[in-house]
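Indexing begins at 1, ligand by ligand and atom by atom, following the structure's order. These numbers were taken from a predicted model, which means no experiment stands behind them. Numbering of residues begins at 1 and proceeds along the displayed sequence.
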Amino acid sequence: MKLWGGRFEKDTDKLLEEFNASIDVDGRMYEQDIKGSIAHAMTLHKAGVLSEEELKRIIEGLNGILNDIKEGKVEFTRENEDIHMNIEALLTDRIGEAGKKLHTARSRNDQVAVDLKLYMRDEIKDILRLLRSLVNTLLNIAEDNVDTLMPGYTHLQRAQPVTLAHHLVAYCCMFLRDMGRLEDCVKRMNVSPLGSGALAGTTYNLDRGYTAQLLGFDGVTLNSLDSVSDRDHAIEFLSAASIIMMHLSRFCEELILWNSKEFGFVEIDDSFATGSSMMPQKKNPDAAELIRGKTGRVYGDLITLLTLMKGLPLAYNKDMQEDKEAVFDGIDTIKACVKVFDGMMKAIKFNKENMRNSAKNGYMNATDMADYLVRKGMSFREAHEIAGKVVKKAIEQRCALEDLDIDILRSFSDKFEEDIYDALDLDKGVHSRAVIGGPAKEMVQMAIKRIKNAVLRV
Ligand code: ARG
């Protein structure tokens, strides 16, 4: 008979039993479910509901079940619907009467709320660890490349020269914000819903603060209806996860371009590339493409949850059982993607010569020419026009700005003197952009240092 079978005369139709069961999805929260149950049992004991002996048997029973699950000795059943009832049934099987008292002053509604929070809290910590590792990988590459010139782009057109380090630090800034968002999410989520019962609390005198403390929560929720029907934390997590995936996806898009013969800026290592079954010459950036593709999945998870919640009256509704599949998929996807991306970056090779050549060939020092004229007393608008005309000339002559003779330059403006060639030097141009946040070596080094410190604190 079902744990809730008292008022029923007929058995559940097999169709509904299959349809209703969530154990295949929520089974992975067994550890959190057991932890939550132990804390609840201790609180029941404190409230005088369980005797010392009953508490002892419950805790021993639950720990035994935990061990057996870890050792693969337990088979969950769909008949017992979800992880909560599976574990309760196992406990009662093993310890008898005392097991039947565990669910006093509790509902699966506050139980599932606490399980999911505990589960997400652990997983978010793990995701933060993975992101920290990725940022470290990127910063290590950046440290070695503060002088590696490459084109900076707008509209995917070569715009102004930057360095590889500068480009990588841009992504580190994104990942740092991502880490902050995940931390915020944990901070807001970390209040205990246990004691809220099905929706309206409980008549038992539960010390909710005690339960919260046992489970490492910072406090307790303030409204029982909200406690059991709130999934904001899951939505916040999936939105943070979506943003992380968006960042990874942009980076992947760049790597895919850079890995093409047309760019030739990077070579993805053999160990992170794949071949074609038909074209023997191919080496494809599948890892980067898959991460870009999986971004859509995580967005989907977020939309699933937002849509799931939008029409639900207070408080718990069974629709909410669907939340976990989306959250778990988001967690699994993001962990896999960050790990693979980190591995790919650790092994990637940068073709610095191609990057530098590309930086040299795009008239990217045209702004520096205009700035030079401004320094000689011209307005920026006029300088912009003259530099534009010089670029046109250089294109006609198929040469770089710095390859034009001084006489030719002077035919555009008599403000040009020999020191213009210094001003057009690409390396000097990059390293003189020494405003905070700029690509100049010292500034990038400072940014690297700050990000390192910030990441250590997360
Ligand atoms: N398996 C359910 C879920 O994940 C647990 C809560 C069920 N509560 C209920 N009253 N049916 O949402």
query = Is the cationic atom of R28 (NZ for Lys, CZ for Arg) positioned less than 6.0 Å from the six-membered ring centroid of F328 and within 45 degrees of its normal?
reply = yes

ask   = Who's the nearest protein heavy-atom neighbour of atom 3 (C) of ligand 1, and how far?
value = Y316 OH, 3.3 Å

inquiry  = Would you call the rings of W258 and F350 parallel, tilted or perpendicular, taking 30° and 60° as the class edges?
reply    = perpendicular

ask   = Does K324, backbone or side chain, put an N or O under 3.5 Å from an N or O of ligand 1?
value = yes

query = Would you say the ring centroid of F76 lies under 6.0 angstrom from that of Y30?
reply = no

task = Any atoms of ligand 1 less than 4.0 Å from a non-hydrogen atom of Q321? List them with their elements.
result = 1 (N), 2 (C), 3 (C), 4 (O), 12 (O)

Side-chain donor-acceptor pair present, N67, K73, cut-off under 3.5 Å = no

note = Contact region, H84 to ligand 1, non-hydrogen atoms below 4.0 Å, reads side chain

Sequence neighbours excluded - salt bridge (Lys or Arg N to Asp or Glu O under 4.0 Å) pairs with any residue from residues 286-296 = E253-R292

key: Interfacing atoms of ligand 1 (cut-off 4.0 Å, heavy-atom, S22)   = 1 (N)

ask   = In the protein, what heavy atom is nearest to atom 10 (N) of ligand 1, and what distance, to one decimal place, separates them?
value = N109 OD1, 3.3 Å

request  = Note the single closest protein heavy atom to atom 11 (N) of ligand 1, along with its residue, its atom name and the distance in Å.
outcome  = R108 NH2, 3.6 Å

message = Contact between I235 and F237 at the side-chain level, heavy atoms closer than 4.5 Å - yes or no?
response = no

ask   = Can you list the atoms of ligand 1 that are under 4.0 Å from a heavy atom of D82?
value = 1 (N), 2 (C), 5 (C)

